Colleague: 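Please see the structure below; I have some questions.
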Amino acid sequence: MRPLVAHIDLDALRHNYQLACRCAPQSRSVAVIKADAYGHGALACARALETAVPAFAVACIEEALSLREGGIKAPIVLLEGIFSADELALVDQHRLWISVHSAWQVEALLAYSPRQPIPVWLKVDSGMHRLGFSPEEATSVWQRLVDAPQVTALHLMSHFATADAKDPSYFNRQMNTLKALAAKLKAPLCLANSPATLAWPAAHGDWNRPGVMLYGSDPLEVPNEITQQLRPVMTLRSEIIALRELAEGDQVGYSGRWKAKRPSKIAVVAAGYGDGYDRHAVDGTPVLVNGQRCPIAGKVSMDMLTVDVTDVPDAAIGSEVVLWGAASNGSVLPVDEVARYCDTISYTLLTGVLPRAPRRYHGAHV
């Protein structure tokens with residue numbers, strides 16, 4: 001079989017979730033597993049976490065129903081709420097929680113008669129300017145929902161635009177807005193995403209929403225001692241399938257972007273943009289060959305990429321190549337570092353790994 005595999009370490013996933021809980025011991029932490037658990041496999045990740053988490057979060061009802069069909073019984077919150085009033089019957093049937101961020105969603109909810117009240121998170125736009133009611137609008141909407149028999153466990157929710165940044169000024173503006181509103185309404189809060197969970201205790205509310213940190217990615221602009229405890233969950237691993245001896249001046253790959261500055265040994269690796277590896281990876285983007293850092297040499301192809309292994313004397317056909325994650329010898333190549341070479345973020349790399357790279361799950365919770 002083609003050697004490219006995305007290995008998923010479920011013990012590392014549980015470790016990272018427990019780290020999120022230790023960051024905010026007075027809060028309850030939702031495990032965000034939207035976008036197929038950031039490319040890691042939502043059902044497998046949910047099964048590994050279900051005994052530890054009070055609730056899961058997904059983007060939409062399709063993601064929630066897949067989890068229910070897979071046997072997940074824990075509460076699931078729809079972070080984007082419903083997209084049509086018809087979905088409320090499924091929300092009611094499958095005991096889902098919803099966010100409410102638009103006036104039409106409020107009207108649809110208040111016109112529906114559920115078998116049991118639905119937990120609701122009212123989304124406030126505190127500065128992200130994407131979804132949610134303004135703080136002024138939220139006051140009247142909150143009161144309508146408090147008084148509605150269709151609603152239970154009402155919370156305020158918001159999202160931070162700059163919690164990953166070193167400069168706290170905009171974050172503090174959002175926090176001040178939310179604190180004032182929560183005090184006025186005597187409302188419980190759900191605020192902290194991964195960076196706020198890791199770096200901003202002031203944002204730790206009744207609920208937190210750790211996402212990308214669960215998968216071992218550091219979301220902060222400046223890492224701290226807590227982020228250094230994160231463990232990579234996905235290791236994207238392949239092998240060398242061919243070796244080439246090049247003379248000084250020889251070119252490699254499409255358009256001959258990389259030219260040998262010395263006699264060189266080039267390894268061909270079974271991985272490419274057809275698997276989801278980013279085509280924008282520049283020359284010098286690191287991989288681990290037998291646990292040793294080596295640079296990509298030449299443009300990434302659909303099914304292959306090429307690596308300069310001149311300084312790895314034991315590189316051979318079949319040698320392990322780690323595109324990101326943990327090598328067999330214990331060396332680690334963070335997905336965040338690879339993302340910087342590709343001028344992107346870890347989220348796009350992790351969610352971009354395509355089905356052609358099969359997921360193989362490891363750990364005590366498989």
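Numbers here are sequence positions counted from 1. These figures come from a predicted structure and were not determined experimentally. Keep in mind that the numbers below use all heavy atoms, side chains included, and drop hydrogens, waters and symmetry copies.
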Colleague: Looking at every non-hydrogen atom in both residues, tell me the closest pair between Pro219 and Val212 and how far apart they are.
Modeller: CB-CG1, 3.9 Å
Colleague: Under the ring pair (Phe, Tyr, Trp, His ring centres under 6.0 Å) rule, collect the residues that match up with Phe160, sequence neighbours excluded.
Modeller: Phe171
Colleague: Would a hydrophobic clustering, with Ile, Leu, Val, Met, Phe, Trp and Tyr connected at side-chain separations under 4.5 Å, put Met128 with Leu122?
Modeller: no
Colleague: Do Leu131 and Phe133 belong to the same hydrophobic cluster, where Ile, Leu, Val, Met, Phe, Trp and Tyr are linked whenever their side-chain heavy atoms lie under 4.5 Å apart, directly or via other members?
Modeller: no
Colleague: Which distance, rounded to the nearest 0.5 Å, do you find between the CG of Leu10 and the OH of Tyr361?
Modeller: 7.5 Å
Colleague: Donor-acceptor pair, distance only, cut-off 3.5 Å: does the side chain of Arg257 make one with the backbone of Gly298?
Modeller: yes
Colleague: If you round to the nearest 0.5 Å, how far is CG of Leu13 from CG of Leu214?
Modeller: 6.5 Å
Colleague: With side-chain contact (heavy atoms from CB on, under 4.5 Å) as the test, would you mind laying out the steps for Val321 and Glu239 before giving the verdict?
Modeller: CA-CA 5 Å; Val321 180; Glu239 295 178 2; 5.6 Å; no
Colleague: Look at the side chain of Glu63 and the backbone N and O of Ala35, then say whether any donor-acceptor pair between them is shorter than 3.5 Å.
Modeller: yes
Colleague: Look at the side-chain heavy atoms of Ile, Leu, Val, Met, Phe, Trp and Tyr, link any pair under 4.5 Å apart, and say whether Leu333 and Ile345 land in one connected group.
Modeller: yes
Colleague: Measure the spacing between NE2 of His40 and OG1 of Thr351 and express it to the nearest 0.5 Å.
Modeller: 10.0 Å
Colleague: With a 4.5 Å cut-off on side-chain heavy-atom distances among I, L, V, M, F, W and Y, is there a chain of contacts connecting Leu90 to Val151?
Modeller: yes
Colleague: With sequence neighbours left out, what residues match Arg28 under side chain to side chain contact (heavy atoms under 4.5 Å, CB included)?
Modeller: Pro54, His155, Trp207
Colleague: Tyr341: which other cluster members, linking ILVMFWY side chains closer than 4.5 Å, directly or transitively?
Modeller: Val282
Colleague: Taking the side chain as everything from C-beta on, heavy atoms only, tell me whether Thr344 gets closer than 4.5 Å to Leu349.
Modeller: yes
Colleague: Using the salt bridge (charged side-chain N to carboxylate O under 4.0 Å, His left out) criterion, which residues pair with Asp275? Sequence neighbours excluded.
Modeller: Arg2, Arg356
Colleague: I need the minimum non-hydrogen distance between Leu198 and Asn224, along with the two atoms involved.
Modeller: O-ND2, 3.4 Å
Colleague: Do His94 and Ile61 pass the side-chain contact (heavy atoms from CB on, under 4.5 Å) test, and can you show the C-alpha distance, the side-chain angles, and the key distance before you say yes or no?
Modeller: CA-CA 10 Å; His94 294 282; Ile61 201 162; over 6 Å; no
Colleague: Suppose we screen for ring pair (Phe, Tyr, Trp, His ring centres under 6.0 Å). Which residues come up paired with Trp324, at least two apart in sequence or across chains?
Modeller: none
Colleague: One thing to verify: whether Asp311 and Arg262 come together as a salt bridge, which I'm taking to mean a side-chain N less than 4.0 angstrom from a carboxylate O.
Modeller: yes
Colleague: State, yes or no, whether a side-chain contact exists between Cys294 and Val312 at a heavy-atom distance under 4.5 Å.
Modeller: yes
Colleague: For His15, give me all partners under ring pair (Phe, Tyr, Trp, His ring centres under 6.0 Å), at least two apart in sequence or on another chain.
Modeller: none
Colleague: Given a cutoff of under 4.5 Å between side-chain heavy atoms of I, L, V, M, F, W and Y, with clusters grown through shared members, what are the other residues clustered with Leu246?
Modeller: Val252, Trp258, Ile266
Colleague: Going by atom type alone, with no hydrogens or angles, which donor-acceptor pairs under 3.5 Å involve a side-chain atom of residues 183-191 and a protein atom two or more places apart or on another chain?
Modeller:
unit_1	atom_1	unit_2	atom_2	d
Lys184	NZ	Thr139	OG1	3.4

Colleague: Under the side-chain contact (heavy atoms from CB on, under 4.5 Å) rule, what do Arg209 and His159 come out as? Steps first, then yes or no, please.
Modeller: CA-CA 10 Å; Arg209 302 188 306 275; His159 194 63; 3.3 Å; yes
Colleague: Where the side chain of Arg231 meets the backbone of Gln229, is there a donor-acceptor pair that is under 3.5 Å apart?
Modeller: no
Colleague: Output the distance between atom OG1 (Thr227) and atom CG (Asn16), rounded to the nearest 0.5 Å.
Modeller: 11.0 Å
Colleague: In terms of hydrophobic clusters joined by side-chain contacts under 4.5 Å, are Leu243 and Met304 together?
Modeller: no
Colleague: For residues Gly291 and Ala327, report the shortest heavy-atom separation together with the two atoms involved.
Modeller: CA-CB, 4.0 Å
Colleague: Please collect all salt bridge (charged side-chain N to carboxylate O under 4.0 Å, His left out) contacts where either partner lies in residues 123-148, sequence neighbours excluded, each pair once.
Modeller: Glu107-Arg144
Colleague: For a 4.5 angstrom cut-off between non-hydrogen side-chain atoms, does Tyr273 reach Asp278?
Modeller: no
Colleague: Going by heavy atoms in the side chains, are Val124 and Thr177 under 4.5 Å from each other?
Modeller: no
Colleague: Mind checking what makes ring pair (Phe, Tyr, Trp, His ring centres under 6.0 Å) contact with Tyr277, not counting sequence neighbours?
Modeller: none
Colleague: Could you check whether any side-chain N or O of Asp283 sits under 3.5 Å from a backbone N or O of Pro295, counting only pairs where one atom can act as donor and the other as acceptor?
Modeller: no
Colleague: Please check this pair: side chain of Gln105 against backbone of Ser102, looking for a donor-acceptor N/O pair closer than 3.5 Å.
Modeller: yes
Colleague: Taking only distance into account, with no hydrogens and no angle test, what donor-acceptor pairs under 3.5 Å do side-chain atoms of residues 109-117 form with protein atoms, sequence neighbours excluded?
Modeller:
unit_1	atom_1	unit_2	atom_2	d
Tyr112	OH	Asp92	OD2	3.4
Arg115	NH2	Asp92	O	3.4

Colleague: For a side-chain contact (heavy atoms from CB on, under 4.5 Å) check, start with the C-alpha distance between Ser66 and Leu43, then their side-chain angles and the critical distance, and finish with the verdict.
Modeller: CA-CA 8 Å; Ser66 292; Leu43 184 56; over 6 Å; no
Colleague: Just wondering, are more than 12 heavy atoms of other shown residues or ligands nearer than 6.0 Å to CZ in Arg244?
Modeller: no
Colleague: Just wondering, do Asn290 and Asn329 contact through their side chains at under 4.5 Å, heavy atoms?
Modeller: no
Colleague: With a 4.5 Å heavy-atom cut-off, do Val322 and Arg237 have their side chains touching?
Modeller: yes
Colleague: For the side chain of Asn208 and the backbone of His204, is there at least one donor-acceptor N/O pair under 3.5 Å apart?
Modeller: no
Colleague: Quick one: does any side-chain atom of Arg279 pair with a main-chain N or O of Met302 as donor and acceptor, under 3.5 Å?
Modeller: no
Colleague: Please check: side-chain N/O of Ser194 versus main-chain N/O of Met213, any donor-acceptor pairing under 3.5 Å?
Modeller: yes
Colleague: Can you tell me how far CG of Leu288 sits from CD of Glu320, rounded to the nearest 0.5 angstrom?
Modeller: 8.0 Å
Colleague: For Leu354 and Gly274, which heavy atoms make the closest approach, and how far apart are they?
Modeller: CD1-O, 3.2 Å
Colleague: Between Ala20 and Thr197, what is the shortest heavy-atom contact and its length?
Modeller: O-CG2, 3.9 Å
Colleague: Taking C-beta and beyond as the side chain, do Leu236 and Leu4 meet within less than 4.5 Å on heavy atoms?
Modeller: yes
Colleague: Where the side chain of Tyr17 meets the backbone of Ser29, is there a donor-acceptor pair that is under 3.5 Å apart?
Modeller: yes
Colleague: Side-chain contact, heavy-atom cut-off 4.5 Å: Ser319 with Asp314?
Modeller: no
Colleague: Which heavy-atom pair separates Trp200 from Ala163 by the least distance, and what is that distance?
Modeller: NE1-O, 2.8 Å
Colleague: Rounded at 0.5 Å granularity, tell me how far OG1 in Thr306 sits from CD1 in Ile240.
Modeller: 11.5 Å
Colleague: Would you be so kind as to tabulate the donor-acceptor pairs closer than 3.5 Å made by side chains of residues 73-84, with sequence neighbours excluded?
Modeller:
none

Colleague: Under a 3.5 Å distance rule, please check whether Thr235 uses its side chain to pair with a backbone N or O of Gly325 as donor and acceptor.
Modeller: no
